[in-house]
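From a predicted model like this one, the values you see are computed outputs, not experimental measurements. Computation of the quantities below employed the complete heavy-atom set of this structure, encompassing side-chain atoms and omitting hydrogens, waters and symmetry-equivalent molecules.
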Amino acid sequence: MKKFKALAIIASFLLVYTGSVSGQEYKLDLSSGKIRINEVHKVTIEGHNENFVLISTTDRGHHNSERARGLRPINSLGLEDNSGIGLAVDKTGNEVEINSVSRHRNSRYTILVPKDVTISYQNSSNHGGPLQIKNVQSELDVTVRFNSVHLENVSGPMTINTVHGKIEAVFSQVSQKSPISLVSAHGLIDVALPADTKAKLRLSSDHGEIFSDMKIEYEKSGGLHKISSSHVNGSLNGGGIDIRLSSNHGNIYLRTKK
Amino acid sequence: MDTSDLTTMLIDYIDGKLDRDQTVIISKKIEEDAEVAKEYHRLKEVMGIMQSRLVQQPDKSLEAGFMSMLEDEIIELDHTLEDLEKSIHNKKSRIIGLNISGPWQIAASVILVMIGAVIGMYVIKSGHKEEISSLKKEIDATKAVVIRSLEDQSSASQRIMGVNAAFELSEADDEIIAVLVSTMNKDNNINVRLAAIEALYRFSNEPAVKDAFIKALTTEKEPVIQMTLINILVNLKENRAINNMQKIIDDVETIKSVKDEAQLGIFKLS
């Protein structure tokens with residue numbers, strides 16, 4: 001009898017434990033296709049070699065609030081928290097869409113994404129925290145207003161744009177599949193590329209400076225082209241895929257990856 | 001460094017042919033040494049004049065003048081040839097005593113020349129035709145790439161690749177310009193729209209492109225695009241854009257930094 005009691009205690013502990021874990025994690029099968037993440041404020045996206053999407057967060061959201069106990073956040077778009085972690089997750093075919101349901105959440109979501117899935121992230125609010133993206137080799141589209149964007153161990157293709165944030169990127173290699181374009185209105189853009197990267201560069205900063213330690217082969221100016229310090233066109237290692245780094249007010253830093 | 005070395009380096013410096021270290025050395029020299037600075041400005045002026053001379057196109061009246069001069073020259077040459085022929089003929093007749101060349105020889109040489117001319121013209125013509133058709137093929141192929149890539153809604157990066165293909169075109173094409181203008185205004189990705197603006201900027205001597213830039217100012221809401229358009233129109237010294245820049249300033253929805261940019265734009269253009 002004592003033994004049974006002990007077992008029951010252990011079992012209930014296990015239940016509680018797994019219950020709380022499932023409250024902070026959400027798993028979804030996906031091997032290819034596209035994932036769209038909209039208006040989720042603080043996000044870390046990481047590529048992995050599994051055939052599922054795993055979203056985790058340390059925040060228990062509305063469950064933490066005594067007053068909101070038994071209630072759930074609702075949203076003008078009619079979105080419902082069907083994941084248990086404050087997100088509306090919808091899968092149609094091989095496209096997954098993730099929307100934030102509650103507007104203010106303090107903790108960060110980590111989203112693990114299969115390596116062949118293309119990723120799109122959008123955030124138009126000023127609550128957006130820095131977006132972290134790591135180990136992603138598939139195509140990336142990021143449109144934000146206030147967020148800064150930090151990319152690590154990425155390869156492109158990608159299009160990233162922000163109004164107020166900075167963009168920092170460390171490339172492990174540069175995909176020659178299709179172009180890379182990083183654009184900010186006010187923020188700086190800091191990009192590190194492997195020394196042997198083959199690329200065609202279009203660097204521009206209307207009001208800032210452009211810095212680099214890479215060996216850029218500058219485009220010859222044929223009679224009609226205006227050369228100005230704010231626009232630099234050139235190639236790396238004989239040319240390759242187009243890389244555009246452009247900020248209206250921020251500086252551009254193009255460096256060799258150490 | 002002696003004077004001739006310095007001059008060579010200054011020329012290369014102006015041409016942008018020096019490597020970074022040398023560039024730094026020379027720009028320092030120009031800053032520090034008044035003599036060098038003077039030489040630099042003199043060379044720059046001379047090279048500027050040379051450059052502008054190189055790209056100068058003769059106007060129509062020059063061409064007409066040249067053609068009439070050429071014609072006069074040809075007529076004169078014909079006369080001289082005729083005179084020469086006559087004198088040779090006379091001499092020959094005198095030497096040999098009888099005219100063996102006769103009209104047949106003249107006829108044969110005329111026919112030979114005519115055949116040569118016909119063949120020559122044919123070769124030149126067909127060469128031109130080939131050149132034109134290959135150029136047309138190239139433009140059509142590029143057009144197809146641009147339009148096909150821009151239809152790819154699943155990948156913004158692919159669409160940028162399409163837009164960048166338009167950079168390969170050596171001259172503007174109405175259809176391409178229309179497609180790029182629509183991409184600039186309507187694509188749902190900002191990076192793609194910026195690439196379209198940059199591609200259009202290459203053809204900014206076309207009135208349709210300038211008009212599209214000015215018009216876009218009235219509808220554009222994205223700060224990045226607004227700022228880029230304002231800067232481009234300032235670069236193009238397009239003072240027809242002043243009204244639309246004022247509208248941007250008056251619009252309550254415009255963010256402050258864009259208003260500042262527009263204010264600066266109006267200041268530079270007026």
Side-chain angles (χ1 to χ4, degrees), chain A residues 33-34 95 118 120 122 138-145 156-164 175-187 200 202 204-207 212-216 218-228 230-231 233 241-249, chain B residues 15-20 23 51-57 149 152 154-165 167 170-171 187-195 197-199 201-205 222-232 234-236 255-258 260-261 264-265:
Chain A
K34 186 162 190 161
E95 279 205 23
T118 59
S120 138
Q122 278 191 36
S138 57
E139 192 171 333
L140 265 171
D141 278 331
V142 174
T143 297
V144 293
R145 294 190 89 80
M158 66 174 75
T159 57
I160 315 275
N161 68 78
T162 173
V163 179
H164 300 283
S175 160
Q176 297 292 317
K177 213 165 113 194
S178 60
I180 289 164
S181 167
L182 311 182
V183 172
S184 174
H186 294 293
K200 193 168 178 192
R202 297 175 204 278
S204 74
S205 170
D206 290 327
H207 301 291
S212 183
D213 65 351
M214 299 195 83
K215 202 167 184 299
I216 299 171
Y218 295 95
E219 210 166 81
K220 289 265 157 45
S221 58
L224 291 168
H225 284 279
K226 193 187 162 197
I227 293 296
S228 69
S230 64
H231 286 73
N233 291 341
I241 204 69
D242 272 274
I243 298 182
R244 178 196 309 270
L245 310 178
S246 147
S247 173
N248 300 88
H249 289 272
Chain B
D15 270 342
K17 284 178 187 156
L18 291 183
D19 63 36
R20 196 174 310 168
T23 309
Q51 196 73 30
S52 65
R53 281 289 149 81
L54 279 178
V55 294
Q56 236 169 34
Q57 290 286 334
S149 312
D152 182 356
S154 68
S155 166
S157 176
Q158 283 288 338
R159 297 204 294 285
I160 290 180
M161 190 139 82
V163 169
N164 288 350
F167 277 97
S170 47
E171 52 191 294
D187 198 282
N188 55 28
N189 181 289
I190 292 169
N191 301 68
V192 177
R193 298 177 57 203
L194 273 181
I197 290 176
E198 200 173 309
Y201 186 58
R202 249 177 68 91
F203 305 125
S204 54
N205 49 347
E222 281 298 336
V224 178
I225 310 268
Q226 285 175 316
M227 286 189 204
T228 306
L229 284 171
I230 291 169
N231 267 305
I232 276 181
V234 168
N235 279 346
L236 293 173
I255 71 169
K256 184 174 176 299
S257 53
V258 174
D260 292 347
E261 198 90 42
L264 190 68

Given that the side chain runs from C-beta out, which part of A:Thr162 has a heavy atom under 4.5 Å from chain B: side chain, backbone, both or neither? backbone

Side chain from CB out, backbone as N, CA, C, O: work out which of these in B:Glu222 comes under 4.5 Å of a heavy atom of chain A, or both, or neither. side chain

Polar side-chain atom of A:Asp141 near backbone of B:Ser155 as donor-acceptor pair, under 3.5 Å: no

I need the residue from A:Met158, A:His207, A:Arg202, A:Lys34 with the largest number of non-hydrogen atom pairs under 4.5 Å to chain B. A:Arg202

Out of curiosity, A:Asn161 CG to B:Asn189 CG, how far, rounded to the nearest 0.5 Å? 6.0 Å

Between A:Lys177 and chain B, with a heavy-atom cut-off of 4.5 Å, which part of the residue counts as in contact: side chain, backbone, both or neither? backbone

Between A:Pro179 and B:Asn164, is there a side-chain heavy-atom distance shorter than 4.5 Å? yes

Interface moiety of A:Ile160 toward chain B, non-hydrogen atoms closer than 4.5 Å: backbone

Where does B:Ile255 contact chain A at under 4.5 Å (heavy atoms): side chain, backbone, both or neither? side chain

State, to 0.1 Å, how close B:Ala156 and A:Glu139 come at their nearest heavy-atom pair, and which atoms those are. N-OE2, 3.7 Å

Would you please name every residue forming a side chain to side chain donor-acceptor pair (under 3.5 Å) with A:Asp206, sequence neighbours left out? A:Asn248, B:Asn231

Look up atom OG in A:Ser181 and atom CE in B:Met161, then write down how far apart they are to the nearest 0.5 Å. 13.5 Å

Strictly distance-based, threshold 3.5 Å: is any side-chain N or O of B:Asn191 a donor or acceptor partner for the main-chain N or O of A:Thr159? no

Just so I understand: if I count every heavy-atom pair under 4.5 Å between each of A:Ala185, A:Ser178, A:Ser204 and chain B, which residue has the most? A:Ser178

Using non-hydrogen atoms and a 4.5 Å limit, figure out which bit of B:Leu264 sits close to chain A: side chain, backbone, both or neither. side chain

Does one side chain, of A:His186 or B:Ser257, offer a donor that lies under 3.5 Å from an acceptor on the other? yes

